[in-house]
Amino acid sequence: MADDLSLQSPEPLTATRPHAPLTGKIRVPGDKSISHRALMLGALAVGRTEISGLLEGEDVLAAAAAINALGAHAEPVGDGRWTVDGVGIAGLAEPEDLLDLGNSGTAARLLLGILATHPITAFVTGDASLRRRPMGRVVEPLSRIGARFVTREGARLPLAINGAANPVPISYRLPVPSAQVKSAVLFAGLNALGTTTVIEPQPTRDHSERMLRHFGATVVTEPVEGGGKRITLEGCPELAAAPIVVPGDPSSAAFPLIAALIVPGSEIIIEGVGVNPLRTGLFECLREMGADLALLKERDEGGEPVADLRVRSGTLKGADIPAERAPRMIDEYPILAVAAACARGRTVMRGLAELRVKESDRLTAIAAGLAACGVRVAVDGDTLTVEGDGGPPEGGALIATQLDHRIAMAFLVLGLATRLPVCIDDAAPIATSFPGFLRLINGLGGAIGKAA
Ligand code: S3P
């Protein structure tokens, strides 16, 4: 956030109802998931990969620093363009020091996948949020491939990994729908002779599969009974450097999008947003809630579908959001809950167990924050229910963001619609995924500023 207001951490901020509607045409920063994968697969390819639109947020910068510490070479060449000089599969070198992945679960888990089949030792850590998150979900399959780990209690970071010298390809059925775990296993399989298979009971984002193919790997995806997928990767391909165009992150676009829906009279366009069908569960929910949202100029850019989003404010109604949709919108529940608080009627969001192990326990953070803003909300197991009366919620609360960028942004957006301002205790984590958030929202006519 330093580029926004030059504030120090912690950075309390306040959002107030603006006097006029939000209007304008914007772009959001590059997709975080695709940016991580571009750096990591670029590091494993032979030759120079050119990336445009890379997210220059703290999470991705931590991933870039890690691959540089492992002997690849990633550097910015201006204007959101980066180059990565890869070392080829199995070419990474032992790092001299700890690898610190900051707040990023994706960077930590994907990188552990890569390290699992390099015969080197590395020590991996992160910030207080990441050190609380479970790593057992990758430690378990990567151990089967032959990696060895020493972890803290509960398979938490910091951990030490000793990669396999003779990796064994595995067939692994995901116990939780997680693109991070799927990708960690596939990335490990790159250096295992034979076929690595991942079976996912519910489809999750497929950026790894798409990008592996783009770099020349053989990856086959087939449907399995019950709606899931089987993904097979042929080990030891030669990955060839290839240009990558990173689309705007739909998970970041979600914040100005909902802001425009709930600030009366607003109309905005968000250009160049990734609309991969495994990321667009939120759009389906919003349509069911009666939102005026259109995808314009749908096109393909660098192997990913992209569109411009046009959104106009309007009355929203409650909806019942099925559990099966969760993997396709897992990062969007904080901001969907904000939309639900401004809608008329009951919104029920089911199947949210994974929200408990994100950057914070998001299920608890959403419910506590909305309740503090006077919204009727209930958590029952892994179901979240929000009741809106169609008018602006009360607001007037201070929200604890718990090192969670999406909780911070969601409640600032809520404060654009509530009767009383909403304050958050720390905006600094927003820089992990959405540098320029504040400038962008205020540029549309939003009213977010330093807390008094
Ligand atoms: C991500 C996958 C999701 C998501 C995270 C990014 C990825 O996590 O929450 O922000 O890039 O693969 P899980 O796959 O663990 O649900």
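Counting convention: from 1, in listed order, for ligands and their atoms alike.
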Checklist entry - Any side-chain donor paired with an acceptor under 3.5 Å for T125 and D100? => result no
Checklist entry - Any Lys/Arg nitrogen of K229 or E200 sitting under 4.0 Å from an Asp/Glu carboxylate oxygen of the other? => result no
Next on the checklist: Is it the case that ligand 1 has an N or O less than 3.5 angstrom from some N or O of D331?
Outcome noted: yes
Next on the checklist: Does any N or O of ligand 1 fall below 3.5 Å from an N or O anywhere on R109, backbone included?
Outcome noted: no
Item to check | Residue, atom name and distance, where the atom is the protein heavy atom closest to atom 15 (O) of ligand 1 | outcome: S178 OG, 3.0 Å
Checklist entry - Which of these, H36, E209, R37, sits in a side-chain hydrogen bond (donor to acceptor under 3.5 Å, both in side chains) with S183? => result R37
Item to check | P134, P327, A184, A179: member with heavy atom nearest to atom 14 (O) of ligand 1 | outcome: A179
Item to check | Which segment of R37 sits under 4.0 Å of ligand 1 when only heavy atoms are counted | outcome: side chain
Pairs under 3.5 angstrom only: tabulate donor-acceptor contacts from the side chains of residues 330-339 to other protein residues two or more places apart or in another chain.
from : atom 1 : to   : atom 2 : distance (Å)
E332 : OE2    : S251 : OG     : 2.9

Checklist entry - What's the shortest distance from atom 6 (C) of ligand 1 to any protein heavy atom, and which residue and atom give it? => result T106 OG1, 3.3 Å
Checklist entry - Can an N or O of S33 be found at a distance shorter than 3.5 Å from an N or O of ligand 1? => result yes
Next on the checklist: Could you work out, for atom 16 (O) of ligand 1, the closest of Q180, K358, H207 by heavy-atom distance?
Outcome noted: K358
Checklist entry - Mind checking whether R406 and K358 have side chains closer than 4.5 Å, heavy atoms only? => result no
Identify every side-chain donor-acceptor pair in residues 359-367 under 3.5 Å, counting partners at least two apart or on other chains, and give the distances.
from : atom 1 : to   : atom 2 : distance (Å)
E359 : OE1    : R362 : NH2    : 2.9
E359 : OE2    : H405 : NE2    : 2.9
S360 : OG     : D404 : OD2    : 2.8
D361 : OD1    : L363 : N      : 3.2
D361 : OD1    : T364 : N      : 3.2
D361 : OD1    : T364 : OG1    : 3.3
D361 : OD2    : R356 : NH1    : 3.2
D361 : OD2    : T364 : OG1    : 2.7
R362 : NE     : D404 : OD1    : 3.4
R362 : NE     : D404 : OD2    : 2.8
R362 : NH2    : D404 : OD1    : 3.1
T364 : OG1    : R356 : NH1    : 3.3

